[in-house]
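Inspection log for the structure reproduced underneath, given as structure tokens.
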Number of protein chains: 2
Amino acid sequence: MKSSAEIKTTILETAGRLFYSQGYNSTGINQVIDEAGIARASLYNHFKSKSDLLYAYLEELDEKWFDQLHVQIDKIKDPKEKIIGLFEFRLKRQANSQYAGCPFIKVSAEVPADDSKAFELINKNKMKFKQLIEQLVQDIPAHAQLSTAELADTLYMLIEGATVTAAFQKNKSMMTAAKSIAAKLLG
Amino acid sequence: MKSSAEIKTTILETAGRLFYSQGYNSTGINQVIDEAGIARASLYNHFKSKSDLLYAYLEELDEKWFDQLHVQIDKIKDPKEKIIGLFEFRLKRQANSQYAGCPFIKVSAEVPADDSKAFELINKNKMKFKQLIEQLVQDIPAHAQLSTAELADTLYMLIEGATVTAAFQKNKSMMTAAKSIAAKLLG
DNA sequence: TTTAAGATAGACAAGTCTGTCTATCTATTT
DNA sequence: AAATAGATAGACAGACTTGTCTATCTTAAA
């Protein structure tokens with residue numbers, strides 16, 4: 001028998017993998033139980049509903065996501081290169097997932113309009129990412145046409161726009177275009 | 001009794017409204033039948049499966065979408081203002097749908113990864129939109145940092161990035177920011 | 001006027017969904 | 001050693017899913 005903590009981890013890993021690759025609505029509790037190899041009651045002991053499992057997934061993903069991002073960019077010193085590293089991080093994630101798209105955006109498109117908790121968690125992740133961009137842009141010298149805040153907004157939207165596009169084009173072309181545009185905007 | 005053509009129109013209207021507001025996976029054939037007020041066999045007479053109904057919805061939406069866009073921007077003469085009109089078109093659509101997001105992106109996030117037909121239809125719509133931007137940018141005089149193609153890409157990603165963000169923020173702030181950035185980039 | 005297409009209502013199959021419940025077993029804590 | 005927490009398997013309810021089928025009715029064309 002596995003321990004309580006191990007079970008919770010296994011459930012979250014399995015559910016996260018399935019939610020991302022198949023979609024939240026297309027993934028049934030039964031499949032999570034089967035693939036996690038745990039008992040039905042164990043899942044409902046740790047999570048009171050499927051929605052609760054979704055929220056836990058989003059929270060856990062937020063942590064993991066930034067952890068992995070920092071592993072990639074913390075070693076970079078040059079501020080401009082650090083920002084370019086954000087694009088490379090997304091490029092890497094896309095290739096690894098075979099262009100499954102951003103997991104947060106996917107959930108955003110799937111949950112009903114009144115699931116404010118889901119939208120809050122998604123917004124929290126995205127605004128944290130935007131704030132990181134804003135911080136990094138502070139260290140960049142004056143820009144021709146755009147204010148610092150506008151440059152940060154532009155970089156954020158380049159990344160998000162390229163990510164959704166990659167999700168249906170199933171290739172990296174838009175993100176590499178975004179990256180080279182960013183390099184030019186950063187001067 | 002309604003005519004065959006009327007029925008098909010009613011089905012598409014009803015399915016489209018429900019697919020967009022509730023999501024494709026969360027909308028059952030039974031609900032479409034009930035709300036359209038038609039017989040079950042009539043639906044399966046016009047569309048051989050739920051997937052087929054989705055494809056017809058995407059094709060019809062593509063037409064309607066560009067029709068509405070052209071109603072808004074064809075009267076504008078100034079090339080820069082025409083491009084700003086694209087942002088205003090999206091702003092209007094978002095407000096009208098209470099920030100339900102882009103219907104194409106929503107489907108892109110919901111369908112299984114092997115539904116290449118859906119991804120093709122979505123890509124067709126988005127690339128047509130991007131090509132329109134590219135045409136409009138041709139008429140804009142030289143830009144400081146970016147090439148014509150890069151400016152078009154940037155505008156496209158600003159709009160798409162702002163749209164997905166609006167879908168979870170449920171407000172227009174990101175799209176208005178994108179619009180004023182676009183105005184600056186256009187000089 | 002006969003024929004044929006396509007509308008109608010509704011039963012049905014075979015499966016899925018979420019969440020609850022019982023009953024039993026095991027491991028840890030008191 | 002007894003008690004408790006939490007694991008297990010699996011039945012179950014009740015609703016929902018897509019797609020097919022029968023049987024009847026209405027309209028339009030031949």
Side-chain angles (χ1 to χ4, degrees), chain A residues 1-58 106-107 109-118, chain B residues 1-58 106-107 109-118:
Chain A
M1 187 173 101
K2 291 179 201 165
S3 80
S4 178
E6 280 170 342
I7 283 178
K8 191 163 188 177
T9 303
T10 304
I11 294 171
L12 270 176
E13 276 174 4
T14 308
R17 174 174 54 80
L18 296 173
F19 287 172
Y20 183 39
S21 62
Q22 302 182 346
Y24 171 69
N25 285 322
S26 303
T27 300
I29 289 289
N30 294 330
Q31 193 185 5
V32 176
I33 289 162
D34 288 350
E35 297 203 15
I38 51 96
R40 185 171 202 78
S42 297
L43 189 147
Y44 281 101
N45 189 36
H46 285 286
F47 306 96
K48 77 176 215 290
S49 68
K50 195 189 174 190
S51 300
D52 246 52
L53 182 53
L54 174 66
Y55 304 146
Y57 156 65
L58 289 174
K106 283 195 77 168
V107 171
E110 269 200 286
V111 295
D114 63 357
D115 190 344
S116 53
K117 172 123 193 186
Chain B
M1 188 172 103
K2 291 179 201 165
S3 79
S4 178
E6 281 171 340
I7 283 177
K8 191 163 187 176
T9 303
T10 303
I11 294 171
L12 270 175
E13 276 174 4
T14 308
R17 174 174 54 80
L18 296 174
F19 286 172
Y20 183 39
S21 62
Q22 302 181 346
Y24 170 69
N25 285 321
S26 303
T27 301
I29 289 289
N30 295 330
Q31 193 185 5
V32 176
I33 289 162
D34 289 349
E35 298 203 15
I38 52 96
R40 185 171 203 78
S42 297
L43 190 147
Y44 281 102
N45 189 35
H46 285 285
F47 306 96
K48 77 175 215 292
S49 67
K50 194 189 174 189
S51 300
D52 246 52
L53 183 52
L54 174 66
Y55 304 146
Y57 156 65
L58 290 174
K106 283 196 77 167
V107 171
E110 270 200 286
V111 296
D114 64 357
D115 189 344
S116 53
K117 172 124 192 185

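In the text below, chain A, chain B and the rest are named by the order of the sequence lines, each starting its count at 1.
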Problem - Side-chain N,O (B/N30) to OP1/OP2 (D/dT17) below 4.0 Å - result: yes

Problem - Lys NZ or Arg CZ of B/K50 over B/Y24 ring: under 6.0 Å, within 45° - result: yes

Practice task
Please name the pair of heavy atoms, one in B/S42 and one in B/I38, separated by the smallest distance, quoted to 0.1 Å.
Solution key: CB-CD1, 4.4 Å

Handout entry: Ion pair check, A/K106 and B/E110, cut-off under 4.0 Å
Key = no

Completion exercise
On a heavy-atom basis, the closest approach of A/T10 and A/A36 is CG2-O, 3.5 Å

Exercise for the section: Output yes when at least one side-chain N/O atom of A/S4 is less than 4.0 Å from OP1 or OP2 of D/dA7, else no. Expected result: yes

Handout entry: Separation of C/dG19 C1' from A/N45 CG (nearest whole Å)
Key = 14 Å

Exercise for the section: With DNA chain C as reference, determine whether A/I29 or B/A5 sits nearer its 5' end, using the nearest nucleotide of each. Expected result: B/A5

Practice task
Considering just the side-chain nitrogens and oxygens of B/H46, establish if one lies under 4.0 Å of OP1 or OP2 belonging to C/dG6.
Solution key: no

Practice task
Given side chain to side chain contact (heavy atoms under 4.5 Å, CB included), test B/L12 with B/H46 step by step and report yes or no.
Solution key: CA-CA 10 Å; B/L12 270 175; B/H46 285 285; over 6 Å; no

Exercise for the section: Please work out if B/S42 contacts a base, only the sugar-phosphate, or nothing of the nucleic acid, heavy-atom cut-off 4.0 Å. Expected result: base

Fill in the blank from the handout: To the nearest angstrom, the CG-P distance between A/L53 and C/dT18 comes to 10 Å

Problem - Distance in angstrom units between B/R40 CZ and D/dA23 P, rounded - result: 18 Å

Completion exercise
Whole-Å distance, A/Q22 CD to C/dC17 C1', equals 14 Å

Practice task
Give the rounded distance in Å between these two atoms: NZ of A/K50 and P of C/dC17.
Solution key: 8 Å

Exercise for the section: Find the distance A/Y44:OH to D/dT8:P and express it as a whole number of Å. Expected result: 15 Å

Exercise for the section: Nearest whole angstrom, please: distance from the C1' of D/dG6 to the CZ of A/F47. Expected result: 15 Å

Exercise for the section: Write down the distance between CG (B/N25) and P (D/dC16), rounded to a whole number of angstrom. Expected result: 17 Å

Exercise for the section: Could you tell me whether B/T27 contacts a base, only the sugar-phosphate backbone, or nothing, with contacts defined as non-hydrogen atoms closer than 4.0 Å? Expected result: sugar-phosphate

